[in-house]
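Quick note on labels: first sequence line is chain A, next is B, and so on, each numbered from 1.
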There are 2 protein chains.
Amino acid sequence: MTDEQPDVPSPRVRQIVAAARELVEEEGLDALSMRHLADRLGIRAPSIYKHLPDKRALEHALISATFEEQAALFEAALAGSADPLGALATAYRDFARRHPHLYRLMTQRSLDRDRLNPGIEERAAQPMVQALDGDRDLARAVWAFAHGMTILELDNRFPADADLDAAWQRGLDALRP
Amino acid sequence: MTDEQPDVPSPRVRQIVAAARELVEEEGLDALSMRHLADRLGIRAPSIYKHLPDKRALEHALISATFEEQAALFEAALAGSADPLGALATAYRDFARRHPHLYRLMTQRSLDRDRLNPGIEERAAQPMVQALDGDRDLARAVWAFAHGMTILELDNRFPADADLDAAWQRGLDALRP
DNA sequence: GTCTATATCAAGATAGAC
DNA sequence: GTCTATCTTGATATAGAC
């Protein structure tokens, strides 16, 4: 009955994760190293290992926290909106534009689900399912569309003169139930 | 009037890029280092720099070649199909499943367009525009959907029991003009 | 909880001989 | 076109003292 799940983080761990978040937001994903993070905290890199077992644990703590934040945003966007899908899409896109490096952290590598807060992925995905009246296949299609638009925009893959607002609208109008 | 564009590759450069492709396909993106590539070629890493100026040049030569291959595949899929969009989507998904690491190489970082073969990005995108009767906004929406489905599948982001064929169908049916 | 010192490894790239 | 030798950098992580 060994239930290996992330503990509730101590205050110090939360400080460390908060510093990691600032670091990623300000300097990008590649800047997230144990040394660099320690600099921000005013300590030496090896000290971090007294609080977190390794770098993956740090990343997953940050990812979990960001899922929590996204889930809250999406739930709020959904609440009492006349156009649930549109509101959700706007919240999704806005989050990624405000936190491009965090967005990449969450989406551009495979996840170790054992190291995430249990159920948090599902909680962040739930509002989309709800906005689509419980249609999970359609919700997955819309998620793929939203992620594709988002990451292609962040990575500068659309032509410079592309009208991305228009592309979002066309996609959402087509996919709306 | 200095027009800095990639030269036509010498035979040796093509050998090197071909070896890089095998390396990436068999061992993944992280395995692509100058040393590792040199091992495959039976030479030492510094020798590669006699043929290519740096690692970015190598990557972009490989990306250009892969765009060429994709463009040909997409054009063939489109030719004489009763369901152009469906045929294109199948070709897109199949390519990514057969060459997941190459697909990542092409999509998961920003491109230096100056280092790509001129016009190759557009050529690979053209079949999608054509399948959508020239509607560029819709073509971008469909591309985003296809990329999102593809990369989320490769990165194992959908639930294990998700019916991805169904999600693809729902998305394509909705977006079909 | 933090430190110093260190192990270990691997990366991109250059100089200069042959 | 390839070689050896080397520079430079930076990463994760551990041991053990304080």
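- The pair D173(A)-R170(A) fails the salt-bridge criterion, with no side-chain N (NZ, NE, NH1 or NH2) lying under 4.0 Å from an Asp/Glu carboxylate O.
- In terms of modelled atom types and a separation under 3.5 Å, the side chain of D54(B) and the main chain of A57(B) share a donor-acceptor contact.
- Using modelled atom types, one side-chain atom of S64(B) and one backbone atom of N117(B) make a donor-acceptor pair closer than 3.5 Å.
- Between D165(B) and R93(B) a salt bridge is recorded (basic side-chain N to carboxylate O distance below 4.0 Å).
- Near DNA chain D, meaning a heavy atom under 4.0 Å from it, residues 31-49 of chain B has G42(B), I43(B), R44(B), P46(B), S47(B) in order of number.
- A 6.0 Å sphere centred on CZ of R136(B) holds no more than 12 heavy atoms belonging to other residues, nucleotides or ligands.
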**Item:** Worked verdict on F145(B) versus H147(A) for ring-ring contact (aromatic ring centres under 6.0 Å, His included)
**Value:** CA-CA 8 Å; F145(B) 166 70; H147(A) 172 58; over 10 Å; no

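- A salt bridge is defined here as a Lys NZ or Arg NE, NH1 or NH2 lying under 4.0 Å from an Asp or Glu carboxylate O, and R40(A) with E26(A) meets this definition.
- Taking atom CG of D30(B) as the reference point, atom C1' of dC9(C) lies 15 Å away to the nearest angstrom.
- Within residues 50-63 of chain A, the residues having any heavy atom under 4.0 Å from DNA chain C are, by residue number, K50(A), H51(A).
- A salt bridge does not link E153(B) to R140(A): none of the charged side-chain nitrogens sits closer than 4.0 Å to a carboxylate oxygen.
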